[in-house]
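Both counts, for ligands and for their atoms, begin at 1 and track the order of listing.
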Amino acid sequence: MGKDVIIACDFPSKERVFEFLDLFKEEKPYVKIGMELFYGAGPDIVREIKKRGHKIFLDLKLHDIPNTVKSAMRVLSSLDVDMCNLHAAGTVSMMEAAIEGLTRADGTRPLLIAVTQLTSTDQERMEKDLLIHEPLDKVVMHYAENAKQAGLDGVVCSPLEAKKVHDTCGKEFLTVTPGVRFAGGDVGDQVRITTPAKAKEIGSDYIVVGRPITAAEDPVAAYRRAVSEFVG
Ligand code: C5P
């Protein structure tokens with residue numbers, strides 16, 4: 001599975017995202033479309049970005065009863081996205097139903113990855129709000145194993161967890177990792193961060209990079225820097 005840099009296109013409107021993508025004359029970066037853009041611009045945004053030749057990670061983090069997730073995944077699959085995701089907390093049956101819904105008549109399907117525990121959830125909140133008393137990293141690995149058991153392709157995790165996920169679930173199990181910053185760059189609100197080069201060393205399969213590229217003075221140069229550090 002090829003390593004790649006995915007740009008988090010966290011823009012509020014279709015106009016802003018196209019203005020950004022128009023900067024790329026030579027490359028067709030892999031883009032992540034999140035809830036803000038998808039809910040604001042509607043499913044057509046996916047079709048239009050796809051038509052321009054980009055691969056798409058649709059980051060909608062589904063979590064509902066298995067039948068509902070299955071039907072929703074069928075719709076996302078028909079949008080021809082390359083990768084989508086859900087919450088592993090929805091249980092193994094929900095994840096199995098998602099795979100069923102995603103799989104097209106010809107047997108192909110987008111990659112499906114799971115969110116384990118959100119990085120905004122810490123040990124204290126997990127214990128107090130969710131009544132989960134196991135150590136956070138054990139919960140993350142358990143959810144990753146559930147995702148693998150359900151037939152998913154990988155998980156979203158911190159680059160710092162990528163090695164452990166590979167050790168637990170196998171080298172082929174994908175790690176898609178946000179929380180990436182250039183050495184000496186602005187950290188913003190991310191806490192546990194690594195550089196693209198370090199993410200490569202730890203074994204991430206895909207890095208998701210937002211503001212270090214989208215807010216850069218020269219986004220194309222920043223993208224190229226991320227690719228050269230991460231993919232080589
Ligand atoms: O701008 P920045 O590089 O921080 O963007 C990271 C992207 O990855 C954002 O779209 C953010 O929502 C997403 N993400 C994250 N941490 C997670 C899951 C998703 O930063 N645990």
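From the protein, the heavy atom lying nearest to atom 9 (C) of ligand 1 is Asp10 OD2, 3.3 Å. Shortest contact from atom 20 (O) of ligand 1 to any protein heavy atom: Gln190 NE2, 2.8 Å. Among all protein heavy atoms, the one lying closest to atom 7 (C) of ligand 1 is Ala8 CB, 3.8 Å. The protein heavy atom nearest to atom 12 (O) of ligand 1 is Lys32 NZ, 4.3 Å. In terms of protein heavy atoms, atom 21 (N) of ligand 1 is closest to Thr119 OG1, 2.8 Å. The nearest heavy-atom contact from the protein to atom 19 (C) of ligand 1 is Pro178 CG, 3.8 Å.
Under 3.5 Å, the side chains of Gln149 and Glu145 contain no donor-acceptor pair of N or O atoms.
In this structure, Arg224 and Val220 have side chains that are in contact, with non-hydrogen atoms separated by less than 4.5 Å. With contacts defined as side-chain heavy-atom distances shorter than 4.5 Å, the pair Met83/Asp59 does not qualify.
The aromatic ring centres of Tyr30 and Tyr206 sit less than 6.0 Å apart.
In terms of N/O distances under 3.5 Å, ligand 1 is not approached by Val209. Polar contact with ligand 1: present for Arg181 (N/O pair, distance under 3.5 Å).
Of all atoms in ligand 1, numbered sequentially from 1 with element shown, those under 4.0 Å from a heavy atom of Gly210 are 1 (O), 2 (P), 3 (O), 5 (O). Close contacts of ligand 1 with Arg211, meaning ligand atoms under 4.0 Å from a residue heavy atom, involve 1 (O), 2 (P), 3 (O), 4 (O).
Salt bridge Asp153/Arg109: present, at least one basic N to carboxylate O contact under 4.0 Å. Looking at Asp167 and Lys164, no side-chain N of the basic residue comes within less than 4.0 Å of a carboxylate O on the acidic one, giving no salt bridge.
When heavy-atom distances to ligand 1 are checked against a 4.0 Å cut-off, Ser120 has no atom that comes that close, whether in backbone or side chain.
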* To do: Begin with the C-alpha distance, continue with both residues' side-chain angles, and end with the deciding distance and a verdict on side chain to side chain contact (heavy atoms under 4.5 Å, CB included) for Leu58 and Val46.
  => CA-CA 8 Å; Leu58 190 54; Val46 174; 4.1 Å; yes
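Judged purely by atom type and a 3.5 angstrom limit, Lys25 uses its side chain to pair as donor or acceptor with the backbone of Asp22.
Under a 4.0 angstrom heavy-atom cut-off, Pro212 registers as being in contact with ligand 1.
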